[in-house]
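Taking it in order: structure first as structure tokens, then the write-up.
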Amino acid sequence: MDDSDTVHLIASNVRPSEVARTLGHEIIGHKGLRTVFGENFDALLDQVYKDHFEEVSLLAQRYHRDTETLENQRYLTEEFPADQAAQYIGLIHASGAGRSLLLLITSNGIFCQIYYNGIYENNFINASAKNDRPYSRG
């Protein structure tokens, strides 16, 4: 996910069977948590790091980072719930501080509704693809 809140999938790196998990990781785990927790996100990461140090530390090798600096601790800690979120397929709802995230994940795609600052933002990502070839969203 980039600064414009756009998820980019590289077709040669993602198979259709991986699309929902990858989108769940990016949308739920990164955008969703940042939207819901806003300015309290770093405090959340710090608490998750303390509570799940062993699990977060296991990600260090995978993401080629150590746990020595606060920046790396937060980076790895953000990946931990993002990886967890990617495992859930179904209806997901999170809310707090006047913000909410609703995801409905189906075999046809993912409907995402984010509410913040009195505005609803709706998106549907069509995840249907034939065969087991890489998926690209144009």
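What you see is a predicted model; the values in this text were computed from it and never measured.
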Test side-chain contact (heavy atoms from CB on, under 4.5 Å) applied to Asp42 - qualifying residues, sequence neighbours left out: Leu45, Arg74
Between CG of Leu70 and CG of Asp46, what distance do you get to the nearest 0.5 Å? 5.5 Å
Tell me whether Tyr75 shares a hydrophobic cluster with Phe53, the cluster being built from Ile, Leu, Val, Met, Phe, Trp, Tyr side chains joined at under 4.5 Å. yes
Contacts of type ring-ring contact (aromatic ring centres under 6.0 Å, His included), residue Phe41, not counting sequence neighbours: none
Any salt bridge (Lys or Arg N to Asp or Glu O under 4.0 Å) pairs touching residues 49-58, not counting sequence neighbours? none
Shared hydrophobic cluster for Phe80 and Tyr63 (ILVMFWY, side-chain gaps under 4.5 Å): yes
Show the nearest heavy-atom pair for residues Leu76 and Val56, with the distance to one decimal. CB-CG1, 3.7 Å
Could you work out, with side-chain hydrogen bond (donor to acceptor under 3.5 Å, both in side chains) as the rule, every residue matching Gln73, not counting sequence neighbours? none
All heavy atoms of Thr67 vs all of Ala60, minimum pair found to be CG2-CB, 4.5 Å
Using the salt bridge (charged side-chain N to carboxylate O under 4.0 Å, His left out) criterion, which residues pair with Glu78? Sequence neighbours excluded. Arg34
Residues which pass salt bridge (charged side-chain N to carboxylate O under 4.0 Å, His left out) with Arg65, listed by chain and number, not counting sequence neighbours: none
